[in-house]
Amino acid sequence: MTVMSEHPQTLPLLPLRNGRVLFPGLVLRMQIKTTSGTRAAALMEQIGERHSRERAGSGPGVLVACVPVTAENAEDPEKPATTGKADRANSRQQKEPKEKKDQKDIGLGDFGADPAELFGYGVAARIVSFRRLQQSAREKLVYLVALEGVHRIRIDKALRADPVLNVAVTVFVEKEIRSSEMTTLSNALRTAGLELTELLSQLQLPAQALAHLKQTIADAPTHLLADLLASMIDLSQEEKLDLLACVDTVKRVTRVVELVIRQIQVLKISQKIQTTVENNLGKQQREFILRQQLEAIKKELGESDSGSGNSESDPDLAALKSKLDSLQLPEDAAKIVSRELGRMARMPTQMPEHQVIRSYLEWMSEMPWNIRTGSDDIDIEKARMQLDADHYGMDGVKKRILEYLAVGKLKRDLKGPILCLLGPPGVGKTSLGKSIATALGRKFHRISLGGVRDEAEIRGHRRTYIGALPGLIVQGLKKCGSNDPVILLDEIDKLTRDNRGDPSAALLEVLDPEQNSTFTDHYLNVSFDLSKVLFIATANDADTISAPLLDRMEVIQLPSYTFPEKLEIARSHLVPKQLKAHGLDVLQTHKINITDQALQKIATEYTRESGVRGLDRCIAAVSRHLAVAYSRAGERFALDGFNGNVDARRVEEILGAPRFRSTEEIRELGVGVVAGLAWTPTGDGGVLVIEAVKVPSGSTDAHRRSNLVLTGKLGDVIKESAQLGVTWMRANSGRFGIDTDVLDGGDIHIHFPDGATPKDGPRYISSVVFTCTQVNRSAGITIVVALVSLFTNRPVRKFVAMTGEMTLRGRVQPVGGIKEKILAAHRSGIQRVILPSKNRKDAAEIPEEVRKTIELCFVDRIEEVLEFAFDENVFCVQPFGGGVYEAKL
């Protein structure tokens, strides 16, 4: 590096602001703004004229000193502007008074600069292009100038001259250095430059520009190539100024090689990260990034529509956030809510995930985490009065419910066994749940489980599914708005299952008092305390409930209603309800009166059910008939002829002929016909008539045995009972004075006229806690009595029905459903019922008014059954050994 004395030593100053740095060999295009009529404008005009003359004469061109303006010195004018190599003492000694300094830059435009703000080094630049643009507003002149760096310069002194600031400079002219060290550095620099070009080629730059760059790297001198590569890479302002001030070629080339290699490593890492990110980005992530970029562009253009999930622009979202902040959420729920709020705030509203998160947060805000409506101070007397007001009878059921509530009052909570109300349809299971909720002052919610087959209906769907919702339990809690409602799980015995799971298994956690305090719904994904909820289940048949689920519940059996109970219920509840429903309760001059005889006729001859739903429908039909009659009388102005009294005779006029046979049909059953008692899967009892006849076979074979024919849509168990009865009859035919040829002389046909509904019988309950022994058969003794009646040609007594199974040796076995069967016999007018002795304890559950009208006969053997079933002795040979006789086949 040598000093070139031929060049001018004084150059006009052009400050470079905004971090711009010009290196030798490079071209910088910039706009220079001045004001019309100022010194700077005159200077630009002179430069333009001189540039035109020298370009025409092929002169060296106009030179200016391009010196960067440093930010540090701009803040502290007293700080030296050089890096320690330039002497700024002269410029500081030539400071003007404050009044002149305030006026020194007036009219200079972009040429104005404080010498204290100038960097100590710059570039002597040649103006290679000069063009004046159209005059802008307020007499502003704009010039487009292209400057080409020629040599590095050092600022020696700032000279005040007119019209602009001039500087005295030292010019450094670089020459090619030929040495082994420089050759090595040159090769390293060119290799790094080519590698940088290859990386830049992946940015889809024009092929022509890349080819020109490669040619330049191969042919350019080393010192110029170093300045070129330094301008191509990302450098800080300090690094650029250091390279500008470095006049030692070897040091500068070494430093540029280091910086280029650093830039290459940065580009490689960035490309690797970019490739990894692009591979991992899904469709929604890419859409999110594009929307973020679009939002940024709109914001720069002043067109932002506030599309992000910002609560300040969405009042509903702000209200949701405020509601969530006011809730006292559990710790795990609070963490999840805080996380989801943050995600939604960073997410545009157009994304589908935004609405999913918002729906989730709305569910979380509406859950009754700490809201209670009931009180631990339970009024037992009030609960008793409420149950009595809503339900007639059911003393045993009411007693158990009051015991349950009393224990809860003493414990200050109702955490205990789950009650399951088991009984036939229409006996008031659902209304009992409502009465309990009213007595406790709690909200009531009913969940129908009939036909539910998906486990997600109980636990909820996971949020990954489209249209996901919480389960029925959580939905019920939200609807009630409290965490201690009374939830009725209706028809729990009608749950089904498929390949999507078993809902009864999901209910195990819900109905377990030891587990439901941490119940987790799949949608909410946080635990919710269900221990304060009072669950009550209803069912018609305990056989269809899974054993683990049944074990978690305390079963309370609801009996069928007796006729006196139905009459009282109709008088106190059903008639007032239907009169009000049909607008007949407001009649002032024509009171409606349905007599007890009419209600009794409806209950006995038009309905045969355990509950009162059919009775309610019949009363509704009578009310509709009265409403039509009253309306027609009013239209004809003949209200005086309206008759509001309904007696037994008028019931038949309104409802038509009775639907069920009277007791006269059971009174004269005939030979081979016996009335049995059966239990239906709905939990109801019924009278089952069994008919037996002997049919000639038409065969001449003397050794042919008779065939047994069974009809009536029977279950396999009753078929076995029929086969057992025929075998016992054949083995004991001699005791009845019947020749075996008579038994084998034809086929035996046993028919069940009412067998369209399966009546195998319920399982026999051998203990209070439903530890059940499977005794589904109940028609064995009835079949034997029918066969004895057939072959002895003697009819059974009038109004006699029986139930029970027998062994091959004649022992009578217990059966289930005793209470329902006796109530069915009571409804049908039966006066004597024959029962197994082992079912004697079940008779205690029979209402007293029923026991007064029916004679209960308990037997241990079939011989005792025959004695109670027939008016006279049917045996020709008495049993041996004091009444114990065993047949020998």
Side-chain angles (χ1 to χ4, degrees), residues 282-288 291 308-309 311 314 316-317 319-321 323-324 327 329-369 371 445-483 485 487 489-490 495-511 515-530 533 535:
K283 180 180 178 180
Q284 292 186 352
Q285 292 172 307
R286 290 195 298 271
E287 182 180 355
F288 171 72
R291 291 188 183 280
S308 62
S311 60
D314 190 346
D316 294 337
L317 184 58
L320 175 61
K321 187 176 184 302
K323 186 175 182 180
L324 288 170
L327 295 177
L329 298 175
E331 183 178 356
D332 55 343
K335 290 181 180 179
I336 293 179
V337 167
S338 177
R339 183 189 66 192
E340 296 299 325
L341 279 173
R343 289 183 58 200
M344 188 171 63
R346 298 188 298 268
M347 190 177 297
T349 57
Q350 298 85 355
M351 291 189 66
E353 183 69 15
H354 182 277
Q355 186 59 39
V356 173
I357 297 176
R358 184 162 184 167
S359 299
Y360 172 77
L361 293 176
E362 288 176 351
W363 272 99
M364 294 291 285
S365 67
E366 295 174 1
M367 289 300 296
W369 299 97
I371 302 176
H445 181 72
R446 172 181 169 271
I447 298 177
S448 179
L449 298 179
V452 173
R453 64 184 63 189
D454 191 356
E455 178 258 353
E457 293 291 333
I458 306 298
R459 289 188 176 273
H461 299 80
R462 302 188 185 276
R463 283 186 289 159
T464 54
Y465 297 104
I466 298 177
L469 283 174
L472 295 174
I473 303 297
V474 171
Q475 292 183 33
L477 291 172
K478 174 191 172 185
K479 185 176 180 180
C480 292
S482 64
N483 61 2
I487 295 182
L489 303 177
D490 205 8
L495 287 170
T496 58
R497 69 174 70 180
D498 59 8
N499 56 357
R500 288 172 291 185
D502 185 2
S504 62
L507 282 174
L508 295 178
E509 180 185 3
V510 177
L511 300 182
Q515 300 181 26
N516 60 11
S517 60
T518 57
F519 172 74
T520 301
D521 186 272
H522 288 164
Y523 183 85
L524 298 183
N525 201 27
V526 294
S527 60
F528 192 93
D529 186 4
L530 298 180
V533 180
F535 289 100

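These values consider heavy atoms only, across backbone and side chains, with no hydrogens, waters or symmetry-generated copies. Along the sequence shown, residues carry numbers from 1.
No side-chain heavy atom of Asp454 sits under 4.5 Å from any side-chain heavy atom of Pro503. No side-chain heavy atom of Asp529 sits less than 4.5 Å from a side-chain heavy atom of Asn483. You'll find the side chain of Leu329 stays beyond 4.5 Å of the side chain of Val526, heavy atoms only. No side-chain heavy atom of His522 sits less than 4.5 Å from a side-chain heavy atom of His461. Side chains of Ile458 and Leu449 form a contact here, defined as non-hydrogen atoms less than 4.5 Å apart. Between Glu340 and Met364, every side-chain heavy-atom pair lies at or beyond the 4.5 Å cut-off. At least one side-chain heavy atom of Leu530 sits under 4.5 Å from a side-chain heavy atom of Leu477. Proximity of Ile473 to Asp521: side-chain heavy atoms (C-beta onward) are nowhere separated by under 4.5 Å.
Note that the CG atom of Leu472 and the CZ atom of Arg446 stand 11.5 Å from one another [nearest 0.5 Å]. Here the CZ atom belonging to Arg343 is positioned 4.0 Å from the CD1 atom belonging to Ile357, to the nearest 0.5 angstrom. Atom CG of Asp490 is separated from atom CD1 of Ile447 by 10.0 Å, given to the nearest 0.5 angstrom. Here the straight-line distance linking atom CD of Glu331 with atom CD1 of Ile336 works out to 11.0 Å at 0.5 Å rounding. Note that the CE atom of Met344 and the NZ atom of Lys321 stand 9.5 Å from one another [nearest 0.5 Å].
Ring geometry, Trp363 versus Tyr523: the interplanar angle exceeds 60°, so the pair is classed perpendicular (tilted spans 30 to 60°).
Asn516 places a side-chain N or O within donor-acceptor distance of the main-chain N or O of Val510, the cut-off being under 3.5 Å. A donor-acceptor pair under 3.5 Å links the side-chain atoms of Gln475 to the main chain of Pro470, judged by distance alone. Between the Ser359 side chain and the Gln355 main chain, a donor and an acceptor come within less than 3.5 Å of each other.
Under a cut-off of 6.0 angstrom, the local environment of CZ in Arg497 is sparse, with at most 12 non-hydrogen atoms contributed by other residues, nucleotides or ligands.
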